[in-house]
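Okay, so here's the structure we're looking at.
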Amino acid sequence: MKIHFRHVARAAVAGGALLFAMGAQAANGLDLNLGADAVQFEATGKITHGIALGGGVIHSDYREDATIYHAQLLGVQHSGAQDIGVGARWTQYDTDYGDGGGLGLGGYGYVYLPQAPAVSVGGYAFYTPSAVTSGDLDDGYEIGVRARYAFTPNVDGYVGLRQAAADFDNRHGSRTLDRGAQVGVRLSF
């Protein structure tokens with residue numbers, strides 16, 4: 001399947017709206033990745049030391065049309081050895097299989113390789129249980145692994161694998177909404 005310009009534009013508009021809501025001066029990170037069937041855009045901003053607010057959108061044509069929005073509030077820590085964030089995420093699904101959203105928990109973690117300090121490896125996972133969902137959504141998750149390389153102190157490139165799935169309270173049941181490899185770039189301010 002092809003990623004169409006309208007999908008990239010939709011992700012950019014959602015990201016722009018997020019940046020506007022956060023205030024441009026509060027944004028401290030932008031992330032864009034592309035896969036064979038998906039595009040994702042994310043923006044983050046620090047509220048105070050150790051607390052970050054962020055959000056993003058994935059548009060995927062993996063099997064059917066699916067757009068997944070999220071907003072998250074995380075406790076974060078970054079050092080020369082690790083990059084960690086843990087907290088809550090609201091995820092909203094707009095798919096051909098069903099629509100709905102819910103509050104979940106999760107986080108990310110990356111470690112920098114001592115023998116190659118520009119390289120970090122790790123991943124992320126967020127899970128939304130059925131106890132806190134609305135609409136057709138019963139539960140959902142997004143997981144991924146990445147290998148990152150710091151080209152400069154403010155620019156990381158990465159390759160990774162991602163899977164996003166949801167279980168809907170309708171005839172469609174459990175569906176994988178996105179799965180596959182991606183390549184991306186992350187800017188830090």
Side-chain angles (χ1 to χ4, degrees), residues 1-22 24 27 29-45 52-74 85 88-104 106-108 123-128 133-148 155-187:
M1 294 185 172
K2 289 184 183 178
I3 297 295
H4 299 285
F5 176 75
R6 66 183 168 91
H7 299 145
V8 175
R10 183 187 279 178
V13 167
L18 175 69
L19 283 176
F20 179 76
M22 290 172 53
L30 300 174
D31 188 317
L32 175 67
N33 64 64
L34 302 170
D37 300 314
V39 58
Q40 180 179 28
F41 179 81
E42 292 186 320
T44 59
L53 175 67
V57 60
I58 299 171
H59 182 80
S60 176
D61 288 334
Y62 175 67
R63 290 199 174 130
E64 296 291 330
D65 215 20
T67 303
I68 307 166
Y69 303 92
H70 72 265
Q72 61 196 24
L73 183 64
L74 303 176
R89 175 188 271 196
W90 178 271
T91 305
Q92 187 69 36
Y93 296 86
D94 179 10
T95 76
D96 288 345
Y97 301 116
D99 302 324
L103 183 63
Y108 64 86
Y124 63 92
F126 289 91
Y127 175 67
T128 304
T133 59
S134 65
D136 299 323
L137 184 64
D138 186 34
D139 64 1
Y141 69 86
E142 180 184 344
I143 58 172
V145 295
R146 290 179 178 170
R148 309 184 305 190
V155 179
D156 289 351
Y158 61 87
V159 293
L161 298 170
R162 173 181 55 231
Q163 180 166 315
D167 190 11
F168 296 101
D169 288 332
N170 57 28
R171 64 185 174 83
H172 295 293
S174 184
R175 296 292 177 169
T176 300
L177 303 172
D178 184 47
R179 178 187 294 159
Q182 78 245 186
V183 61
V185 63
R186 186 173 61 114
L187 307 175

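Because the structure is predicted, anything quoted here is derived from the model rather than measured.
Distance check, rounded to the nearest 0.5 Å: CG of L177 to CG of D94 gives 11.0 Å. For the atom pair CD of Q163 and CD1 of I143, the computed distance is 5.5 Å after rounding to the nearest 0.5 Å. Within the model, atoms CH2 of W90 and CG of L73 stand 15.0 Å from one another, a figure rounded to the nearest 0.5 Å. The distance from the CD atom of Q72 to the CG atom of L53 is 8.5 Å, given to the nearest 0.5 Å. Rounded to the nearest 0.5 angstrom, Y97 OH and D65 CG are separated by 10.0 Å. Between the CZ atom in R63 and the CG atom in D37 there is a gap of 10.5 Å [rounded to 0.5 Å].
Contact between S174 and D167 at its shortest, heavy atoms only, is N-OD1, 3.1 Å. Contact detail for A88 and L103: the closest heavy-atom pair is CB-CD1, 4.2 Å. In this structure, L74 and G106 approach most closely via the heavy-atom pair CD2-O, 4.5 Å. Residues L137 and A166 approach most closely at CD1-CB, 3.7 Å, considering heavy atoms. When all heavy atoms are compared, the tightest approach of A38 to R162 is CB-NH2, 3.6 Å. The shortest heavy-atom contact between Y93 and Y141 is OH-N, 3.7 Å.
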Would you check, one step at a time, whether the test side-chain contact (heavy atoms from CB on, under 4.5 Å) holds for Y124 with E142?
CA-CA 8 Å; Y124 63 92; E142 180 184 344; 3.2 Å; yes
List the steps and the verdict of side-chain contact (heavy atoms from CB on, under 4.5 Å) for T128 and D139.
CA-CA 5 Å; T128 304; D139 64 1; 5.6 Å; no
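In this structure a side-chain-to-backbone donor-acceptor pair under 3.5 Å is present from R175 to H172. Side chain of D136 to main chain of D99: a donor-acceptor pair is present (N/O by atom type, distance under 3.5 Å, no hydrogens or angles).
At a cut-off of 3.5 Å, with distance as the only test, no side-chain donor of Q182 or Y158 sits close to an acceptor on the other residue.
Screening T95, T67, D178 for a side-chain hydrogen bond (donor to acceptor under 3.5 Å, both in side chains) involving S60 leaves a single residue, D178. Checking each of V57, D61, L32 against V39 for a side-chain contact (heavy atoms from CB on, under 4.5 Å) leaves exactly one that passes, namely L32.
Salt-bridge annotation for R146 and D31: present, with a side-chain N of the basic residue lying under 4.0 Å from a carboxylate O of the acidic one.
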